[in-house]
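A short worksheet on the structure shown next.
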Amino acid sequence: MSLVENRRLHYEENLLWEKEHSEHSGVDFPQLENIASRTGVDMRGDIGLPQLSEPQVVRHFVRMSTWNYSIDHGFFPLGSCTMKHNPRMNEKMARLNGFANIHPLQLETTSQGALELMYELQNWLGELTGLSGVCLAPSAGAHGELAGMMTIKHAHEKLGNAHKKIILAPDSSHGTNPATAVMCGFEVRVIPTKDTGRLSVEAFKEALYRTDDKGADIAGMMVTNPNTCGLFESNILELSELLHEAGGYFYCDGANFNAIVGKARPADFGVDVMHINLHKTFSTPHGGGGPGSGPICCTQELAQYMPVPVVVQNDDLSYSLESEDDRPATLGRLKAFQGQFGVYVRALSYMMSMGADGLKQVSEDAVLNANYILSQLSNDYHVPYDGYCMHECLLTDKKQKEQGVATLDIAKALVEYGYHPMTVYFPLVLAGTMLIEPTETESKDALDRFIVTMKNIAVDVKNGDCDKFHSFPQSSPRKRLDEVKAARNPVLRWTD
Ligand SMILES: *Cc1c(COP(=O)(O)O)cnc(C)c1O
């Protein structure tokens, strides 16, 4: 047995298979000799699991769980991900017997409470976005993008506009945007935003009218607002009008809705269809913590084409699910059953406990917190775009790079100092970006601690104390990984 490297509560953890001692029995019982099986079936075969006792297995998994860094553990400033506190009230609601143990094949007559909850959630989302056609089915943000872009494609086809093939997308867009457009059979035309971090009317027009003076080939645009540089697209109204004149639809990636929920309605800046990451904006554990949900919200015009099912209220005030038979123009089903019901319960619980005024305050506080960090760090780090940010702020490693310390080193230093790093090298518009999203749930004390840590890193680099940054983290269970080797030579199978 090799001596393991334990540090404080961190044990160097072997795989369960490696812990096994074949001479012990754990889950398999030894074969009995001289006793014939009365069923004629060998009941004591090997079931193929490691031979360990219950306490050995429990300790293994509990110790492993302490290796995770989570939002319940500390500050998690991962930009564009909205990692905020998930109130326990939501969990309590999701665990109510009638919600937790419902079965999707139950009759509508025995599922009225669940259907009412979904109907209420559709209404809240419709009200908050100004887009009243809501389909809850998609399972995540990226799935919502697929649902929304399929809706646009389907609408163009039904309206005899199948020749519309081009989707406009800014270079700062999340990778799922162009990927979704391509998956739907569209062609992506990229709009550059590098200089100001925002879409300019000139660059937009240049892309809109590139091959045809009226933009006849334009199917739509995919824009995140606020965008992934943390900036509100101030020209968005003019851009959406130009797009609509050309007969295109505006798909809004709603992942950053946390910055504007309760403050601005996407329909009012021209959005035709948008997904909502319930797990980001409306507080469900995500990012390895559980399933997400990405409902889409559409204009009345597009609602007929969106996927099914949709919950409706009948004249007798009961609720039912509308499917293909009730909605002949629909593009059909995206998945089995009704979607991630447990997330719907959490989202509605969150909305109702916050109330309309509380949701508005969420975005105000999220924006305030991000601007506080931006203002405190703007002398220490390069700030590429002037002015206030929305719910996340963008910095780059330009100043530190001169001393040989890059964004990756800064991220690893944060791990060493007890933080989850911010989003790094995204958006791709500039070199060495760091995207910091504190969210509204962090206290000033938590923000100040993070700011001091970031300032200390900058001071060390400025004073030439740089070498240590290339070997951080030192105190985590895993130290600096060779990421190039991991990418080039991935070892995906465990072998004895
Ligand atoms: C998170 C995110 C997505 C994808 O959402 P998932 O729920 O992770 O699939 C898309 N766009 C942006 C801007 C995001 O931040």
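In what follows, residues are counted from 1 in the order of the sequence shown. We count ligands from 1, going down the list as the structure has it; atoms in each ligand are counted the same way.
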May I have the step-by-step check of side chain to side chain donor-acceptor pair (under 3.5 Å) for D409 and Q400, ending in yes or no? CA-CA 10 Å; D409 302 311; Q400 289 70 33; over 6 Å; no
Of the protein's non-hydrogen atoms, which lies at the shortest distance from atom 11 (N) of ligand 1, and what is that distance?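 Nearest neighbour among protein heavy atoms for atom 11 (N) of ligand 1, to 0.1 Å: D253 OD2, 2.6 Å.
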Looking at T176, which atoms of ligand 1 are within less than 4.0 Å of one of its heavy atoms?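 Selected atoms, number and element: 10 (C), 11 (N).
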If the cut-off is 4.0 Å to any non-hydrogen atom of S80, which atoms of ligand 1 fall inside it?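 Under 4.0 Å from S80, ligand 1 has these atoms: 1 (C), 13 (C), 14 (C), 15 (O).
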Does an N or O from [X], backbone or side chain, lie closer than 3.5 Å to an N or O of ligand 1?
| X | value |
| --- | --- |
| G141 | yes |
| H143 | no |
| T228 | no |
| N277 | yes |

Measuring from the heavy atoms of E145, does anything fall under 4.0 Å of ligand 1?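 True for this residue.
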Would you please determine whether H279 falls within less than 4.0 Å of ligand 1 on a heavy-atom basis?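 Yes, that is the case, since the closest heavy atom of the residue is under 4.0 Å from the ligand.
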Does a side-chain N-to-carboxylate-O contact under 4.0 Å join R210 and E206?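 Salt bridge flag = yes for E206 with R210.
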Can a donor-acceptor pair be found between the side chains of S283 and N90 at a distance below 3.5 Å?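 A pair is found: one side chain offers a donor N or O, the other an acceptor, under 3.5 Å apart.
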Mind telling me whether Y249 and H156 have parallel, tilted or perpendicular rings, with 30° and 60° as the class edges?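 Tilted.
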Could you name the option among K280, H275, E437 that has the heavy atom nearest to atom 2 (C) of ligand 1?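 Residue with the shortest heavy-atom distance to the ligand atom: K280.
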Tell me the nearest of A255, G175, A142 to atom 9 (O) of ligand 1, using heavy-atom distances.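 When every heavy atom of A255, G175, A142 is considered, A142 comes closest to atom 9 (O) of ligand 1.
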Compare every heavy atom of C229 with every heavy atom of Y385, then report the nearest pair and how far apart it is.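 It is CE1-SG, 3.9 Å.
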In Å, rounded to the nearest 0.5 Å, how long is the span from CG of N489 to NZ of K485?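 Between atom CG of N489 and atom NZ of K485 there are 6.5 Å.
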Show your reasoning for whether side chain to side chain donor-acceptor pair (under 3.5 Å) applies to T211 and D217. CA-CA 8 Å; T211 50; D217 52 351; 2.5 Å; yes
Is it true that Y69 and Y419 have ring centroids separated by less than 6.0 Å?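 For Y69 and Y419, the ring centres are not under 6.0 Å apart.
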